[in-house]
Amino acid sequence: MKIKILYAEDDEFTRKFEIRRLKECGFNVSSVEDGQEAWDEYQKGRYDLLLLDGDMPKMQGEEVMRLVREAGDDIAIVIYSGLPDYSLLNEGVDECIDKGTRNSQEVEWRIKTAFRRSQG
């Protein structure tokens, strides 16, 4: 089963690079450009995991996470940020990954681990 990821990233270069990398890791990836789009798309579709930039226009990754958790959903949520706030691990985020992580295998493993944790 391919993990279906909704990836929210406002920087176009980073978004394109990461989509390619995530697909090479075997993930099924859809993307949006800001937090509000992430929230709207999450409500429309069925995703296994949300991969959210921490700092986005219209709505931050943390705000999207809080809305999802307030809705009672235990979908895996990973914050992918240049300045990850690891305290969010105590507030509903399953994993935080620093955008500086260039090892694709590490990113893949951490996403898969977050997904498995969300499955029970």
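Heavy-atom minimum distance, M59 versus L67: SD-CD1, 3.7 Å. Nearest heavy atoms, G35 versus V64: O-CG2, 3.4 Å. Residues A8 and A38 share a closest heavy-atom pair of CB-CB, 3.7 Å. The nearest pair of heavy atoms linking R46 to K4 is O-CD, 3.3 Å.
For the pair D73/Y42, a side-chain contact is recorded, criterion being any heavy-atom separation below 4.5 Å from C-beta on. Contact check for D11 versus R15: no side-chain heavy atoms found under the 4.5 Å cut-off. Residues P57 and D10 have side chains in contact (heavy-atom distance under 4.5 Å, counting atoms from C-beta outward). In this structure the side chain of I97 reaches within 4.5 angstrom of the side chain of V78, judged on heavy atoms. Between L49 and I111, some side-chain heavy-atom pair lies under the 4.5 Å cut-off.
The residues R21 and E24 are annotated as not salt-bridged, no charged nitrogen and carboxylate oxygen being separated by less than 4.0 angstrom. Between E70 and R66, no side-chain nitrogen of the basic residue sits less than 4.0 Å from a carboxylate oxygen of the acidic one, so the salt-bridge criterion is not met. Looking at D94 and K112, no side-chain N of the basic residue comes within less than 4.0 Å of a carboxylate O on the acidic one, giving no salt bridge. In this structure, D53 pairs ionically with K99, as a charged nitrogen and a carboxylate oxygen lie closer than 4.0 Å. Taking a cutoff of 4.0 Å between a charged side-chain nitrogen and a carboxylate oxygen, K44 and E41 qualify as a salt bridge.
Between atom CD of residue E18 and atom OG of residue S31 there is a gap of 11.5 Å, rounded to the nearest 0.5 Å. Taken from OG in S30 to CG in L22, the straight-line distance is 11.5 Å, to the nearest 0.5 Å. The line from CG of D48 to CD1 of I75 is 7.0 Å long, rounded to the nearest 0.5 Å. One finds the CD atom of E9 at 11.0 Å from the CG atom of D34 (value rounded to the nearest 0.5 Å). Expressed to the nearest 0.5 Å, how far CG of L52 lies from CD of Q60 amounts to 11.0 Å. If you take CZ on R102 and CG on D98, they are separated by 9.0 Å, rounding to the nearest 0.5 Å.
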- In sequence, state the C-alpha distance, the side-chain angles, and the governing distance for K2 and F27, and then conclude on side chain to side chain contact (heavy atoms under 4.5 Å, CB included). CA-CA 6 Å; K2 276 191 173 185; F27 298 115; over 6 Å; no

- Yes or no on side chain to side chain contact (heavy atoms under 4.5 Å, CB included) for D74 and S118, after CA distance, side-chain angles and deciding distance? CA-CA 6 Å; D74 60 355; S118 74; 5.7 Å; no

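Put simply, the side chain of E108 never gets that close to the backbone of S104: no donor and acceptor are under 3.5 Å apart.
No path of Ile, Leu, Val, Met, Phe, Trp and Tyr side chains, each step under 4.5 Å between heavy atoms, connects M56 with Y47, placing them in separate hydrophobic clusters. V107 and L51 fall within a single hydrophobic cluster, where Ile, Leu, Val, Met, Phe, Trp and Tyr are joined by side-chain heavy atoms under 4.5 Å apart, directly or via other members.
Surrounding CD of E12 are at most 12 heavy atoms belonging to other residues, nucleotides or ligands under 6.0 Å away.
With 3.5 Å as the limit, one finds a donor-acceptor pair spanning the side chains of R116 and T113. With hydrogens and angles left out, the side-chain atoms of E95 and Y80 include no donor and acceptor closer than 3.5 Å.
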